[in-house]
J.: 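Before I ask anything, let me first share the structure, which is written out below as structure tokens.
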Number of protein chains: 2
Amino acid sequence: MKHDSRLSSVLHALLHMAEHDGPMTSEVLGQCLGTNPVVVRRTMGLLREAGLVTSDRGHAGGWRISADLSTVTLRQLHEALGEPAVFALGNRNERPQCLVEQSVNAALDGAFAEAEALLLERFSEITLATLADDFARRHREWRAQKG
Amino acid sequence: MKHDSRLSSVLHALLHMAEHDGPMTSEVLGQCLGTNPVVVRRTMGLLREAGLVTSDRGHAGGWRISADLSTVTLRQLHEALGEPAVFALGNRNERPQCLVEQSVNAALDGAFAEAEALLLERFSEITLATLADDFARRHREWRAQKG
DNA sequence: TTTCATGTAACTTCATATGTTACGATTCGA
DNA sequence: TCGAATCGTAACATATGAAGTTACATGAAA
């Protein structure tokens with residue numbers, strides 16, 4: 001199934017912005033992500049609504065992070081994106097009359113709820129600063145390996 | 001995003017089969033599930049390949065469970081269905097050159113892997129017998145409330 | 001006032017689960 | 001043997017939603 005990669009996309013964009021002085025345009029971010037500037041505006045616009053980034057028009061305009069990297073968690077970003085459905089699996093009917101299907105739904109819902117809770121807990125433990133540190137480590141290793 | 005409801009469907013079908021004497025036709029199961037007999041054959045066919053059900057053609061044909069209810073777990077059924085992707089969220093690129101994106105992927109992959117492991121663990125703890133018991137309880141409660 | 005940039009509507013494309021039609025193959029009973 | 005019942009499967013249709021694209025309006029700065 002085709003999946004929603006917006007969380008991955010905004011993380012990628014935000015980390016590039018964190019490594020970059022001054023605003024970055026949708027055009028440049030689109031090149032980083034391998035996508036269209038309009039897709040960048042559409043997605044980053046949700047982060048703007050959540051107060052995580054700002055955008056400026058005109059000359060020297062573009063996107064900027066407006067929050068401390070250590071305070072922005074993956075969970076916040078997931079919420080800013082509208083909390084899209086986490087699972088590609090689900091019940092056939094959400095409110096079945098059939099008692100058999102109610103048993104099935106109850107069991108599946110319980111398992112999904114636990115897994116989603118764990119995922120969101122992990123998301124809340126990871127900040128942009130965490131990822132920036134991880135990137136810095138990879139960058140050092142890459143430079144060392146390069147010679 | 002539209003999700004895969006086949007696990008939910010086959011559970012519903014199998015429990016009806018467990019409550020029913022003799023084989024059930026794709027036509028009847030389709031009515032139980034609110035879907036088309038061909039969809040039933042297509043999905044149940046995967047369970048047949050896994051040895052969990054048998055099918056017979058012709059008069060008095062149909063589908064039958066060929067395993068002990070207490071030994072069939074949701075995880076086995078998930079596997080029989082081809083282990084479809086669990087998450088509707090995912091990375092934008094699976095093998096990025098970009099070190100930034102590698103950090104993003106590593107973090108997301110870790111969180112997803114933990115959540116998926118928990119989900120599959122729960123799936124492996126739930127058998128068809130578990131669900132049949134739960135249904136029996138709901139059925140008793142329903143009869144008590146009714147009368 | 002020209003250029004660069006975002007904001008946004010409208011439309012297209014793509015992937016994929018699900019639904020549908022059609023027909024062949026097989027089994028059983030009359 | 002015939003015919004109805006039933007599965008097996010290919011082929012096609014539909015629906016949904018993310019992502020991509022085009023077009024143009026709006027606003028800011030040189």
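Naming convention: chains lettered A, B, ... in sequence-line order (proteins, then strands); numbering from 1 in each chain.
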J.: Under 3.5 Å, is there a donor-acceptor pair between the T127(B) and T130(B) side chains?
T.: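 The answer is yes; a qualifying pair exists.
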
J.: Quick check on dT6(D): is either OP1 or OP2 less than 4.0 Å from any side-chain nitrogen or oxygen of T25(B)?
T.: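 No, outside the criterion.
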
J.: Please identify each residue that fulfils salt bridge (Lys or Arg N to Asp or Glu O under 4.0 Å) with R75(A), with sequence neighbours left out.
T.: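 R75(A): salt bridge (Lys or Arg N to Asp or Glu O under 4.0 Å) contacts with E79(A).
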
J.: Atom CG of N91(B) and atom P of dA18(D): how far apart are they, to the nearest Å?
T.: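 Rounded to the whole Å, the gap is 17 Å.
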
J.: Which part of the nucleic acid does G62(A) contact within heavy-atom distance under 4.0 Å: base, sugar-phosphate only, or nothing?
T.: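 Touches sugar-phosphate only.
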
J.: Once you round it to whole Å, what is the distance between P of dG8(D) and CG of D56(B)?
T.: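 Going from D56(B) (CG) to dG8(D) (P), I get 9 Å.
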
J.: Base, sugar-phosphate, or nothing: which does R6(A) touch, judged by heavy atoms less than 4.0 Å apart?
T.: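 Result for R6(A) = sugar-phosphate.
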
J.: Checking side-chain polar atoms at under 3.5 Å, does H12(B) have a donor or acceptor matched by the opposite partner on H16(B)?
T.: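 Yes, because at least one side-chain N or O of H12(B) sits under 3.5 Å from a partner of the opposite role on H16(B).
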
J.: Out of dG8(D), dT26(D), dT21(C), which has the shortest distance to the side chain of W63(B)?
T.: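 Nearest to the side-chain atoms of W63(B), counting from C-beta on, is dG8(D).
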
J.: For the backbone of L52(B) and the side chain of S66(B), can you confirm whether one donor and one acceptor N or O come within less than 3.5 Å of each other?
T.: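 Yes, because the side chain of S66(B) sits within donor-acceptor range (under 3.5 Å) of the backbone of L52(B).
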
J.: So, N93(B) versus E101(B): side-chain donor-acceptor pair below 3.5 Å or not?
T.: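 N93(B) vs E101(B): donor-acceptor pair found between side chains.
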
J.: Is there a donor on the side chain of H59(B) or the base of dT6(D) sitting less than 3.5 Å from an acceptor on the other?
T.: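 Looking at the base of dT6(D), it does not pair with any donor or acceptor on the side chain of H59(B) (distance under 3.5 Å).
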
J.: Measure CG/L29(A) against P/dG7(C) and give the value in whole Å, please.
T.: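 To the nearest whole Å, that distance equals 12 Å.
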
J.: Could you tell me whether Q145(A) atom CD has more than 12 heavy atoms of other residues or ligands within 6.0 Å of it?
T.: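 No, because the 6.0 Å sphere around CD of Q145(A) holds 12 heavy atoms or fewer from other groups.
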
J.: Go nucleotide by nucleotide along DNA chain D from the 5' end; which of G58(A) and V38(B) gets its closest nucleotide reached first?
T.: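 With G58(A) and V38(B) compared, the 5'-side residue is V38(B).
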
J.: Of the candidate nucleotides dG7(C), dG19(C), dA10(C), which contains the atom at the shortest distance from the side chain of R42(A)?
T.: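 The listed nucleotide nearest to R42(A)'s side chain is dA10(C).
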
J.: If I take atom CZ in residue R57(A) and atom P in nucleotide dA30(D), what distance separates them, rounded to the nearest angstrom?
T.: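 In whole Å, dA30(D) P lies 17 Å from R57(A) CZ.
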
J.: Of the options dA18(D), dT18(C), dG24(C), whose atoms approach the side-chain atoms of D4(A) most closely?
T.: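 Looking only at side-chain atoms, D4(A) lies closest to dA18(D).
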
J.: Considering only heavy atoms and no angle criterion, is a donor-acceptor pair shorter than 3.5 Å present between the side chain of R48(A) and the base of dT8(C)?
T.: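 Such a pair does not exist between side chain and base.
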
J.: Nearest-Å distance, CD (Q31(A)) to C1' (dG20(D))?
T.: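 Atom-to-atom, Q31(A) to dG20(D), this comes out as 16 Å.
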
J.: Taking NZ, NE, NH1 and NH2 as the nitrogens, is one of them in E125(A) or R122(A) under 4.0 Å from a carboxylate oxygen of the other?
T.: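 So E125(A) pairs with R122(A) through a salt bridge.
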
J.: dT21(D) P sits how many Å from L33(A) CG, rounded?
T.: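 About 13 Å, once rounded to whole Å.
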
J.: Would you mind reading off the distance between L46(B) atom CG and dT9(D) atom P, rounded to a whole angstrom?
T.: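 Result: 11 Å.
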
J.: Linking Ile, Leu, Val, Met, Phe, Trp and Tyr by side-chain heavy atoms under 4.5 Å, what else ends up with L118(B)?
T.: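 Noted: L118(B) shares its cluster with L118(A).
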
J.: Answer yes or no: does a side-chain N or O of T35(B) lie under 4.0 Å from OP1 or OP2 of dG19(C)?
T.: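 So the side chain of T35(B) is within the cut-off, an N or O lying under 4.0 Å from OP1 or OP2 of dG19(C).
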
J.: Would you please confirm or rule out a distance under 4.0 Å between OP1 or OP2 of dC7(D) and any side-chain N or O of R41(B)?
T.: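 Checking dC7(D) against R41(B), a side-chain N or O does come within under 4.0 Å of OP1 or OP2.
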
J.: Check every atom of dC4(C), dT20(C), dT21(D) against the side chain of N36(A) and return the nucleotide holding the closest atom.
T.: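 Selected nucleotide (nearest to the side chain): dT21(D).
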
J.: Check whether any side-chain N or O of S55(A) sits under 4.0 Å from OP1 or OP2 of dA5(C), and answer yes or no.
T.: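 False: S55(A) side-chain N/O out of range (4.0 Å or more) of dA5(C) OP1/OP2.
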
J.: Return the value, rounded to whole Å, for the distance between atom CE of M24(A) and atom P of dT6(C).
T.: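 Rounded to whole Å, this separation is 11 Å.
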
J.: Mind grabbing the angle between the end helix axes of the helix from dT1(C)-dA30(D) to dA30(C)-dT1(D)? Five pairs an end, 10° rounding.
T.: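 The end-segment axes of the helix from dT1(C)-dA30(D) to dA30(C)-dT1(D) are tilted 10° relative to each other.
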
J.: Determine: side-chain N/O of R92(A) to OP1/OP2 of dG19(C), distance under 4.0 Å, yes or no.
T.: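 It does, given that an N or O in the side chain of R92(A) lies less than 4.0 Å from OP1 or OP2 of dG19(C).
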
J.: Closest nucleotide of DNA chain D for A60(A) versus for T43(A): which of these residues is on the 5' side?
T.: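 Residue closer to the 5' terminus by nearest nucleotide: T43(A).
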
